[in-house]
Undergrad: 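Got a structure for you, written out below as structure tokens; questions coming shortly.
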Amino acid sequence: MYNLKAVIIGAGIGGLTTGIAMRQAGYQVEIYDRAQELRPAGAGISLWSNGVKVLNRLGLGEKLAAIGGEMNAMEYRSHTDESLSYVDLRPLFERVGQRPYPVARTDLQTMLLEAFGPEDVHLGMLCTGVEQDEHSATAIFENGERASGDLVVGADGIHSAVRTHVVGQVDRRYARYVNWNGLVKADPELCDPNLWVLYVGDSKRASMMPVGGDRFYFFFGAPMAEGTQVEPTYRQDELSKIFQGWPEPVQKLIQALDPEQTNRLEIGDIDPLDCLVKGRIALLGDSAHATTPTLGQGGCQAIEDAEVLTRYLHTTNMGVADALKRYEAARKDRTAELVLKARKRTSIIYGYVPAATQQWYSDLKQEPPEAVIDALAKVILAGPMG
Ligand code: FAD
């Protein structure tokens with residue numbers, strides 16, 4: 001279809017990538033975000049090859065490579081510093097045709113925003129509802145303004161307002177653990193600069209991976225009751241207590257991090273939805289399928305959504321609602337499967353059933369690297385770019 005106008009709610013990874021893809025398809029695009037200033041939530045993100053391939057197609061490959069870290073291997077180590085598994089990831093890159101890129105979120109956001117054009121993102125616009133008729137869809141904002149187009153894309157995250165219009169109220173499920181994350185200067189005493197290391201034990205984990213600019217993205221995870229809060233100043237002390245006795249690099253990491261710049265998040269997801277679209281309204285990214293981050297696929301799926309939605313609008317000619325139905329059919333099972341797979345992995349990593357977690361620690365030692373690569377390749381190759 002030609003000459004469409006899309007109204008996108010949310011200028012996160014999903015909304016911006018959709019905006020870039022739709023612009024390239026020749027559509028008029030307006031993006032609205034409730035934030036007064038765009039600041040990415042979280043410090044880093046690993047874009048696996050399926051997400052990278054879409055960004056390559058959008059002409060962003062070179063820029064992404066420049067901000068990405070060179071991660072060539074992954075290693076699991078125990079909290080008593082025993083190596084449990086070491087996987088050279090380069091055979092994976094050869095198999096799928098593209099390396100993944102761990103990146104700092106600010107760098108990714110800047111890259112996407114510049115590619116779309118910051119002047120066309122309308123900030124301070126809280127969407128409170130959507131309406132549609134046979135010919136158009138309209139987003140309604142708290143300040144009384146309205147924006148109409150041929151379609152509205154709800155890329156407004158896990159607590160999506162647009163989703164309420166499509167499927168009604170959906171509650172976030174708490175995944176029973178807290179994640180701390182941030183960036184530190186790369187240092188070989190913390191981690192090999194081309195390695196993604198994960199220390200695991202006691203149903204907790206501590207991890208570092210390289211991102212561009214000579215930095216490591218780090219994260220910690222530990223089971224915790226819902227509703228705890230710790231002010232930034234005390235986050236280093238909190239981590240020192242939770243990871244007391246863990247190996248030297250973990251202790252050094254805790255000492256090296258800046259507590260004021262360390263995010264502390266309660267992690268959650270949503271149950272797979274029955275529908276992702278309604279007429280001329282489409283859900284995309286976390287609003288459609290928020291997942292726990294244990295597969296590192298949430299952002300990649302938002303990027304895949306952007307590609308598939310734009311492709312159906314561009315290549316079919318039976319009307320917007322028809323294209324949206326095709327988008328839903330292409331994305332629903334793929335994303336639901338990954339949400340449920342990540343949920344299961346979360347339960348194992350974070351000790352929902354302690355015996356299963358212990359079993360996983362011993363399985364890590366037995367699992368051949370080819371099996372790890374095979375599992376990663378299957379997820380990547382099932383994406384829209386193969
Ligand atoms: P968001 O990034 O949440 O963006 C939504 C936007 O909508 C925001 O800018 C918000 O201000 C705006 N908004 C919300 N409500 C409204 C409203 N009512 N009106 C107007 N604007 C609104 N994914 C990966 O692929 N790899 C990883 O390694 C990875 N690691 C992760 C680690 C952690 C700790 C977490 C929490 C997630 C991780 N993810 C990862 C998942 C990834 O961050 C998300 O899937 C991705 O950011 C979702 O993007 P989005 O654009 O759909 O939503």
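Atoms within a ligand are numbered from 1 in the order they appear, just like the ligands themselves.
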Undergrad: State whether the shortest distance between N or O atoms of Leu126 and N or O atoms of ligand 1 falls below 3.5 angstrom.
TA: no

Undergrad: Is Leu38 in polar range of ligand 1, meaning some N or O pair under 3.5 Å apart?
TA: no

Undergrad: Restricting to pairs with a member in residues 220-229, which pass salt bridge (charged side-chain N to carboxylate O under 4.0 Å, His left out), not counting sequence neighbours?
TA: Arg172-Glu226

Undergrad: Assert yes or no for the condition that the ring centre distance of Tyr76 to Trp360 is strictly below 6.0 Å.
TA: yes

Undergrad: Any non-hydrogen atom of Arg105 lying under 4.0 Å from ligand 1?
TA: yes

Undergrad: Could you give the side-chain donor-acceptor pairs of residues 149-157 under 3.5 Å, partners two or more places apart or in another chain?
TA:
unit_1, atom_1, unit_2, atom_2, d
Asp150, OD2, Lys5, N, 2.7
Asp156, OD1, Ser160, OG, 2.5
Asp156, OD2, Ser160, OG, 3.2
Asp156, OD2, Ala161, N, 2.9
Asp156, OD2, Val162, N, 3.1

Undergrad: Side chain or backbone, does Asp33 bring an N or O within less than 3.5 Å of an N or O on ligand 1?
TA: yes

Undergrad: Within 45 degrees of the ring normal and closer than 6.0 Å to the centroid, is that where the cationic atom of Arg23 sits relative to Phe116?
TA: yes

Undergrad: Just to be sure I read this right, does ligand 1 sit under 4.0 Å from the backbone of Met125, its side chain, both, or neither, counting only heavy atoms?
TA: backbone

Undergrad: Between Ser46 and ligand 1, which part of the residue brings a heavy atom under 4.0 Å of the ligand: side chain, backbone, both or neither?
TA: both

Undergrad: Taking distance alone, with no angle check, do Ile158 and ligand 1 share an N/O pair under 3.5 Å?
TA: no

Undergrad: How far is atom 29 (C) of ligand 1 from its nearest protein heavy atom, and which residue and atom is that?
TA: Ile45 CG1, 3.6 Å

